[in-house]
Amino acid sequence: MIDPRIEMMKARTSRIENIVLFVSGKGGVGKSLLSSAVSYILSERGYETVYLDLDFHGPSGQNLFHLDKLMEGGKSGLKTALSGKVKVASIGYMVKDNPLPLSGVDRMEVLLDFFSILDFGELDFLIVDLPPGMGEETIFLQRMFREKLSAVVVTLNSQMSLTTVKRVVNYLKVQKIGIIGAVVNMSNLFGKYEPEQVSRELGIEVIGSITYHPEVEQYKTIKDKLEKTPRFMFEIERLVEKMLGKLSRRLT
Amino acid sequence: MHEWSIAEGIVDVLLEMFKDKKLREVDIKIGELRDLDLDVLRSALNILSESRSLKGLKFNLHVSKARFKCLNCGEEWGLEKALEMVEETIGAESVIIEESGSELPLHFIPSLIIGLQKCPSCGMMDIAIDSGRELEITRVVVEDDRS
Ligand SMILES: Nc1ncnc2c1ncn2[C@@H]1O[C@H](COP(=O)(O)OP(=O)(O)O)[C@@H](O)[C@H]1O
Ligand SMILES: [Mg+2]
Ligand SMILES: [Zn+2]
């Protein structure tokens with residue numbers, strides 16, 4: 001049995017420069033918030049960016065982005081949705097609020113189909129919002145696109161979050177996936193270690209520190225969250241700058 | 001519809017895997033959940049293979065019927081029942097729009113149908129797709145090397 005989707009996928013992703021994974025050990029640490037914020041800022045700065053929501057159990061793309069244009073099927077496959085300048089793809093648009101109890105095989109099938117029909121076009125960044133841990137999504141991505149992958153590790157500065165995320169970091173290292181660095185989220189709420197200690201604990205550089213901003217929760221879309229919370233915006237801008245610096249060093 | 005991109009994937013993978021072989025026949029299995037237009041797919045395959053050094057290659061397309069199975073009670077059902085349930089869960093209108101109108105293009109990612117139905121007998125959501133989502137090259141016949 002030969003699966004033609006692998007070649008379709010290669011063709012579709014051939015013009016993507018960087019695939020950046022937002023990973024964590026646990027849920028609720030801010031992967032979706034930060035990956036969508038980073039996608040927004042990158043797009044604002046003129047980088048062609050897709051925010052891809054691969055959290056099949058708790059897709060957030062449909063909530064964080066107000067869509068000007070829906071995902072649409074056409075001759076060249078499935079076009080990403082548009083929210084301002086950000087391109088967005090999420091299965092949340094298809095299954096809405098219905099639960100999606102997928103087995104491992106089903107999940108791989110969804111990934112193969114999604115990547116072989118999504119019309120990415122030419123991209124500077126494919127930002128991937130992942131479920132926590134090292135499930136099928138992560139395994140699939142590293143199997144298919146290892147050379148293009150790099151990861152941003154999101155963690156809280158708490159013992160529990162750091163211990164679990166460390167396993168993910170080890171996995172990324174073993175699989176030779178470039179790690180851009182760690183982002184410590186809600187840094188004012190948890191303060192187990194100093195930044196240098198976090199860095200030593202995880203064995204990777206801390207490239208960003210994001211404060212918990214209660215105002216962020218008042219706004220629905222990532223655009224509003226950022227634009228109406230200037231301090232949050234500032235922190236994300238700084239994170240993006242760090243990421244860009246790291247990536248250009250890695251790429252040259 | 002995206003028959004052309006699928007045809008391209010098929011031709012690409014054949015060229016990749018059988019670089020210097022002459023191919024005579026290829027069997028392709030397509031699940032009915034993919035809702036592909038076989039005539040379009042066949043002519044796309046013919047045109048692409050002619051233009052890309054696979055001249056004279058014959059494509060046999062087989063459609064496999066959709067079968068769902070409840071892993072809780074063993075109930076089995078097919079496409080018609082499944083589509084009824086999808087309509088009930090998600091309604092006729094949908095967020096994703098086909099060029100032709102507003103139809104849920106589930107056929108792009110058929111496995112998502114799992115989240116849009118419940119077992120018609122016991123009402124549980126422990127559903128397996130036995131068949132109907134295939135997109136596979138199941139057989140390739142290589143010409144003898146006599147040329
Ligand atoms: N720095 C922050 N300031 C305010 N709210 C935050 C912050 N980080 C995360 N949150 C909120 O916490 C919740 C969980 O974050 P989320 O991004 O969904 O986590 P994950 O994707 O890792 O599961 C969301 O409601 C999110 O808006
Ligand atoms: Mg999330
Ligand atoms: Zn049942």
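Per chain, numbering begins at 1; letters A, B, ... match sequence-line order.
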Just by distance, with hydrogens left out, do A:R12 and B:S5 show a side-chain donor and acceptor under 3.5 Å apart? yes

Greater than 12 external heavy atoms within 6.0 Å of A:K69's NZ: yes

Shortest non-hydrogen contact from A:D113 toward B:F108: CB-O, 3.5 Å

Nearest heavy atoms of B:G115 and A:P101, plus distance in Å: CA-CD, 4.3 Å

Looking only at non-hydrogen atoms, find the nearest pair between A:P4 and B:E136 and report the distance. CD-CA, 4.3 Å

Nearest-0.5 Å distance that lies between atom OG in A:S103 and atom CG in B:D126: 9.0 Å

Portion of B:V140 that has a non-hydrogen atom of chain A nearer than 4.5 angstrom: side chain

Assess whether atom CZ of A:R167 is packed by more than 12 heavy atoms of other residues, nucleotides or ligands within 6.0 Å. no

Pick from A:L111, A:V110, A:L118: which one makes a side-chain contact (heavy atoms from CB on, under 4.5 Å) with B:I109? A:V110

Output the distance between atom CD1 (B:I113) and atom CG (A:D106), rounded to the nearest 0.5 Å. 12.0 Å

Can you tell me if OH on A:Y47 sees more than 12 non-hydrogen neighbours from other groups inside 6.0 Å? no

What pair of heavy atoms forms the shortest contact from B:T89 to A:N98, and how long is it? CG2-OD1, 3.3 Å

Distance, nearest 0.5 Å, that separates CD of A:E7 from CD1 of B:I6: 14.5 Å

Carefully, step by step, assess A:I6 and B:V13 under the rule side-chain contact (heavy atoms from CB on, under 4.5 Å). CA-CA 8 Å; A:I6 310 287; B:V13 77; over 6 Å; no

Rounded distance [0.5 Å steps], CD1 in A:I117 versus CG in B:L135: 11.5 Å

Rounded to the nearest 0.5 Å, what separation is found between the CD atom of B:E8 and the CE atom of A:M8? 9.0 Å

Rounded to the nearest 0.5 angstrom, the CD1-CD1 distance for A:I2 and B:I10 is 10.5 Å

Toward chain B, the part of A:L112 with a non-hydrogen atom under 4.5 Å: neither

